[in-house]
There are 2 protein chains.
Amino acid sequence: MAAEFVEGERLDEVTLAARFSVSRTPVREALHALAASGLVETLPRRGVFVRYPSFIKLVEMFDVMAELEAMCGRLAARRITEEELERLEAAALACESAMERGDADEYYRENERFHHVLYHASGNSFLAEQSSRLHKRLQPFRRLQLRVRGRLRQSMQEHRDVQKAVAAGDAEGAARGLRRHISIQGENLKDLMANFARYHQRTMPQKP
Amino acid sequence: MAAEFVEGERLDEVTLAARFSVSRTPVREALHALAASGLVETLPRRGVFVRYPSFIKLVEMFDVMAELEAMCGRLAARRITEEELERLEAAALACESAMERGDADEYYRENERFHHVLYHASGNSFLAEQSSRLHKRLQPFRRLQLRVRGRLRQSMQEHRDVQKAVAAGDAEGAARGLRRHISIQGENLKDLMANFARYHQRTMPQKP
DNA sequence: GTCAATGTTCTTGTATACAAGAATCACATT
DNA sequence: AATGTGATTCTTGTATACAAGAACATTGAC
């Protein structure tokens, strides 16, 4: 049996149906949903193929994410409510405490909270939805690069700066801080990938 | 027979299947695709309902579009190729000529070209894809507001400004121009909606 | 008269059977 | 030997049959 869910692999409907003991119909629906979210690619009359984003696409996605988050920050600085501001501070503090305890998982969770509060504080529900979507899609790669030496402390400082700018109503400062915060993640990803490539020969090639 | 594709209407699988002389299966697939693109909403075990974006959501979408286009412009100003620049100019000129002839359809088509060239010239394929997606989703509402008095001439001038900024490599100028270009569309939409509401009593209510 | 419970009907979700297009392999021809 | 053509097989796309859950109506009780 071939390894599963590896880049470029073809997902056979009947095989998957048998594997999960259901008929082809729900499998098809699930695959279509995956295709809509971009994780797999359907070629008409050919089948569906798992498709990890190429390295280049990943960097592009981080660039767009940086801009979306910057927009969230810019709007949030003007529109955030008192209650949301408190939640933002709480998340930032929880991040800090998690970092001091060296609890990466906890840091990760509170980091999520921090960003989602900002998305909603933008007051633009469509923007919040799009940001969450992309955030989720980049999740595994973001998580990966928390391993970079000293990244936790640096990331936390960036959160602090953003939170202060938002609290002060400094729209452009918040935007700048967030754009930078995400861009750095993209940059770190490049470093990780370079190392990964050195050790594993290949990065993440595009589909066959 | 009820009016079709009106806000909140339920789309019955068997009815649609009969209407287009196919079985329920392809109808279901089509409805799922529509749900993924956000044009309809599926309630589990209840059915799918047409769902026009609410007025507020529409404005939010235009705001995000403005930011995405601005990002495209900023990148394009730095990355555009000679060939793409020529196509951008050609589209702008075609817009101008269409306007002078008063050919709204032609203007509309060339306007599409203009923007799509910019998306691709950004050199960020993910950004281009997302921009195209949202652009398409806003299409009917953009088209609507070309009717605003004097909008065509104004829009054309904005295109000119953007094209010049891109040609000059002025990233921030291009970004500003595009953000403004789209924002104006959002503002005009508000005016149109206000009038629409005055004459028709209701705007576009959220689903039942 | 109103409310609740139960049964009927209607609609979606799932399984399976069938059709049509794509890939592959064999064989023939150049 | 290489390439093109045809047949076979495999896989997706579509149709239909069946099951299960939701809405609705009817009937009974308070």
Side-chain angles (χ1 to χ4, degrees), chain A residues 1-54 57 125-126 129-130 132-133 136-137 202 204-208, chain B residues 1-54 57 125-126 129-130 132-133 136-137 139-140 202 204-208:
Chain A
M1 188 187 307
E4 275 170 14
F5 307 131
V6 297
E7 166 82 36
E9 186 193 8
R10 179 163 149 278
L11 296 176
D12 186 30
E13 292 181 0
V14 300
T15 309
L16 287 172
R19 184 164 207 71
F20 294 105
S21 306
V22 293
S23 85
R24 272 178 54 219
T25 313
V27 170
R28 284 175 66 82
E29 311 236 328
L31 289 179
H32 281 124
L34 286 177
S37 80
L39 271 155
V40 303
E41 184 182 20
T42 41
L43 277 60
R45 290 269 177 203
R46 297 286 307 280
V48 347
F49 299 84
V50 289
R51 166 179 152 173
Y52 290 152
S54 73
K57 186 145 195 174
S125 67
F126 180 73
E129 186 195 314
Q130 294 298 316
S132 290
R133 223 192 182 91
K136 188 172 179 184
R137 204 161 154 196
R202 56 176 210 135
M204 282 185 175
Q206 206 49 317
K207 77 166 190 68
Chain B
M1 188 188 304
E4 273 170 15
F5 306 132
V6 296
E7 166 81 37
E9 187 193 9
R10 180 163 150 278
L11 295 175
D12 186 29
E13 292 181 0
V14 300
T15 308
L16 286 172
R19 181 164 209 71
F20 294 105
S21 306
V22 294
S23 84
R24 273 179 54 217
T25 314
V27 170
R28 284 174 67 80
E29 312 236 326
L31 288 180
H32 281 125
L34 285 178
S37 80
L39 271 155
V40 303
E41 183 183 22
T42 41
L43 277 60
R45 289 270 177 202
R46 297 287 307 278
V48 349
F49 299 83
V50 278
R51 167 180 152 167
Y52 291 151
S54 74
K57 187 146 194 173
S125 67
F126 180 73
E129 188 195 312
Q130 294 297 317
S132 290
R133 226 191 180 90
K136 188 172 178 185
R137 206 163 152 193
Q139 190 166 333
R202 55 178 212 136
M204 283 185 174
Q206 211 42 322
K207 79 161 187 69

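What you see below is based on every heavy atom in this structure, not just the backbone, and it leaves out hydrogens, waters and symmetry mates. Chain A is the first sequence line, chain B the second, and so forth, proteins listed ahead of strands; every chain is numbered from 1.
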Student: For A/Glu129, is there an ion pair with B/Lys57 - N to carboxylate O distance below 4.0 angstrom?
Tutor: yes
Student: Hey, which of these two, B/Val14 or A/Pro44, hits DNA chain C nearer its 5' end, going by closest nucleotide?
Tutor: B/Val14
Student: With sequence neighbours excluded, tell me which residues meet side chain to side chain contact (heavy atoms under 4.5 Å, CB included) with A/Ala33.
Tutor: none
Student: Kindly indicate whether the side chain of B/Glu13, heavy atoms from C-beta on, has any atom under 4.5 Å from the side chain of B/Leu31.
Tutor: yes
Student: In whole Å, what is the span from the CD atom of B/Glu13 to the P atom of D/dT14?
Tutor: 15 Å
Student: Would you please test B/Leu11 and B/Val50 for side chain to side chain contact (heavy atoms under 4.5 Å, CB included) and show each step?
Tutor: CA-CA 7 Å; B/Leu11 295 175; B/Val50 278; 3.9 Å; yes
Student: How close or far is atom P of D/dA22 from atom CG of B/Asp12, stated in whole angstroms?
Tutor: 18 Å
Student: Ignoring backbone atoms, establish whether A/Arg10 has a side-chain N or O less than 4.0 Å from OP1 or OP2 of C/dA23.
Tutor: no
Student: Can you check the B/Arg45 CZ to D/dG21 C1' distance for me, whole Å?
Tutor: 5 Å
Student: Under a 4.0 Å heavy-atom cut-off, which of residues 22-33 of chain B touch DNA chain C?
Tutor: B/Arg24, B/Arg28
Student: Evaluate the side-chain proximity of A/Val40 to A/Phe49: yes if any heavy-atom separation is below 4.5 Å, no if none is.
Tutor: no
Student: Round to the nearest Å and state the distance from A/Leu43 atom CG to D/dT11 atom C1'.
Tutor: 13 Å
Student: Taking the side chain as everything from C-beta on, heavy atoms only, tell me whether A/Arg28 gets closer than 4.5 Å to B/Glu29.
Tutor: yes
Student: Distance check needed: D/dT12 P versus A/Glu41 CD, whole Å only.
Tutor: 15 Å
Student: Hey, does the side chain of A/Arg46 come within less than 4.0 Å of C/dA23's phosphate (OP1/OP2), counting only N and O?
Tutor: yes
